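Since the structure is predicted, the reported quantities are computational estimates derived from the model, not experimental observations.
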Amino acid sequence: MSNHALAERHRLTELLAAAGPDAPTLCAGWTTRDLAAHLVMRERRFDAAAGIRVGALAGWTRRVQDAYAERPYEELLRLFRSGPPVYSLFALPGADEAANTVEYFVHAEDVQRAAATWDPTAAAPVPPGRTEALWRRLPLLARFEAAHRTPVRLHLHHPDGRTVTTGPTGTPAVHLTGAPGELILYLYGRGPRTTLTIDGPPDALEALTHALPLPPR
């Protein structure tokens, strides 16, 4: 069985190492050091990781993450590369694959696409198996990451014709077509650095831009 999360973990580690600790990322306000600290905290300090989603705990999360960020960068990369410790929930069978395939794919692209030299035409293709794994996760992500944020109906089209739809019914529709990885990056707010084909009425596109920034047109 393929382990896409493990492959993305290794890719992300290599990108972080190549970029160095002070490079920009697509995570607003975070350098590569901040991202590495987040990744280590997330799988080693579940008491603090809850603040990623729970606003009331965000301050505690930030303090723990900042403490990790003070460690040597090479140590952070070593801890992340080694995988979740035995006490981590991510060490349970299947948990890393289920929870982290998308997480690590998105963050790898956060490092890669933030570089001034990023060229979408020169990017290495995503392996077919991983592309399909990302597509299988798209419906759930669309429901939780976009359905409550978008003011219009979104039709997310795979190049082969498969479609995932999200957003309020009875509203104008916007169609976005592209590889599953590009659609996922869009749902996570990385639209300006994606390569998607967009179609929809101007008023719907304008309304959507304020909720989920669109790719360049």
Nearest heavy-atom approach of I198 to P215 is CD1-CD, 3.5 Å
Closest non-hydrogen contact found for A37 with Q65 is CB-O, 3.6 Å
Rounded to the nearest 0.5 Å, the CD atom of Q112 sits from the OG1 atom of T25 at a distance of 13.5 Å
Counting N and O atoms only, with roles assigned by atom type, does the side chain of R190 sit under 3.5 Å from a partner on the main chain of Y188, one being a donor and the other an acceptor?
-> yes
Output for pair (R153 CZ, T166 OG1), nearest 0.5 Å, gives 7.0 Å
Mind listing the side-chain donor-acceptor pairs of residues 12-19 below 3.5 Å, one per line with the distance, residues two or more places apart or on another chain?
{"from": "T13", "atom 1": "OG1", "to": "R9", "atom 2": "O", "distance (Å)": "2.8"}

- Message: Is there a continuous path of hydrophobic side-chain contacts, each under 4.5 Å between heavy atoms, that joins L39 to W60?
- Response: yes
Test ring-ring contact (aromatic ring centres under 6.0 Å, His included) on F80 and Y104; report intermediate values, then the result. CA-CA 11 Å; F80 179 60; Y104 297 160; 5.1 Å; yes
Would you tabulate the side-chain donor-acceptor contacts of residues 134-142 under 3.5 Å, counting partners in other chains and residues two or more places apart, or write 'none'?
{"from": "R137", "atom 1": "NH1", "to": "A133", "atom 2": "O", "distance (Å)": "3.0"}
{"from": "R137", "atom 1": "NH2", "to": "E97", "atom 2": "O", "distance (Å)": "3.2"}

Discussion item. What I'd like to find out is whether the side chain of L156 reaches to under 4.5 Å of the side chain of L187, using heavy atoms alone.
Written reply: yes
Closest non-hydrogen atoms of G178 and L183, given as atom of the first, atom of the second and distance, are O-CD1, 3.6 Å
So the side-chain hydrogen bond (donor to acceptor under 3.5 Å, both in side chains) pairs with at least one residue in residues 199-213 (sequence neighbours excluded) are none
Here the gap from R44 atom CZ to S82 atom OG, rounded to the nearest 0.5 Å, amounts to 4.5 Å
query: With hydrophobic residues grouped by side-chain heavy-atom distances under 4.5 Å, do L26 and Y186 end up in a single group?
result: no
Taken to the nearest 0.5 Å, the spacing of R42 CZ from L35 CG works out to 11.0 Å
Between the OG1 atom in T171 and the CG atom in L154, the distance rounded to the nearest 0.5 Å is 8.5 Å
State whether the side chain of S88 and the backbone N or O of E43 hold a donor-acceptor pair below 3.5 Å, judged by distance alone.
yes
Those residues at least two apart in sequence (or on a different chain) that pass side-chain hydrogen bond (donor to acceptor under 3.5 Å, both in side chains) with T197 are none
Besides W118, the hydrophobic cluster formed by Ile, Leu, Val, Met, Phe, Trp and Tyr side chains linked at under 4.5 Å, directly or via other members, contains none
**Prompt:** Which is it for N100 and E8 under the side-chain contact (heavy atoms from CB on, under 4.5 Å) test, yes or no, and what are the steps along the way?
**Reply:** CA-CA 9 Å; N100 290 327; E8 287 297 322; over 6 Å; no
Between Y68 and V64, does the side-chain contact (heavy atoms from CB on, under 4.5 Å) criterion hold? Intermediate values first, please. CA-CA 6 Å; Y68 271 113; V64 174; 3.9 Å; yes
TODO: Decide whether L196 and F105 are clustered together by the hydrophobic rule: side chain heavy atoms of Ile, Leu, Val, Met, Phe, Trp, Tyr closer than 4.5 Å, transitively.
DONE: yes
Taking every heavy atom of A211 against every heavy atom of P151, the minimum-distance pair comes out as CB-CD, 3.7 Å
For atom CZ of R143, is the number of surrounding heavy atoms from other residues, nucleotides or ligands below 6.0 Å larger than 12? no
Ring pair (Phe, Tyr, Trp, His ring centres under 6.0 Å) pairs touching residues 5-31, sequence neighbours excluded, are W30-H38
CG of L77 to CZ of R71, rounded to nearest 0.5 Å, is 13.0 Å
> Are there more than 12 heavy atoms of other residues, nucleotides or ligands under 6.0 Å from atom CZ of R62?
Replying inline: no
In short, P172 meets A204 closest at the heavy-atom pair CB-CB, 3.6 Å
* To do: Might you work through the side-chain contact (heavy atoms from CB on, under 4.5 Å) test for T32 and Y73, ending with a clear yes or no?
  => CA-CA 9 Å; T32 40; Y73 188 62; 3.5 Å; yes
For the residue pair E182 / T194, report whether a side-chain donor-acceptor contact shorter than 3.5 Å exists. no
| message | What I'd like to find out is whether the side chain of L79 reaches to under 4.5 Å of the side chain of E75, using heavy atoms alone. | response | yes
Pairing of E109 and R11 as salt bridge, 4.0 angstrom limit:
yes
Q) F90, L76: one ILVMFWY side-chain cluster at the under-4.5 Å cut-off? A) no
Heavy-atom nearest pair, G167 first then T150, reads CA-CG2, 3.8 Å
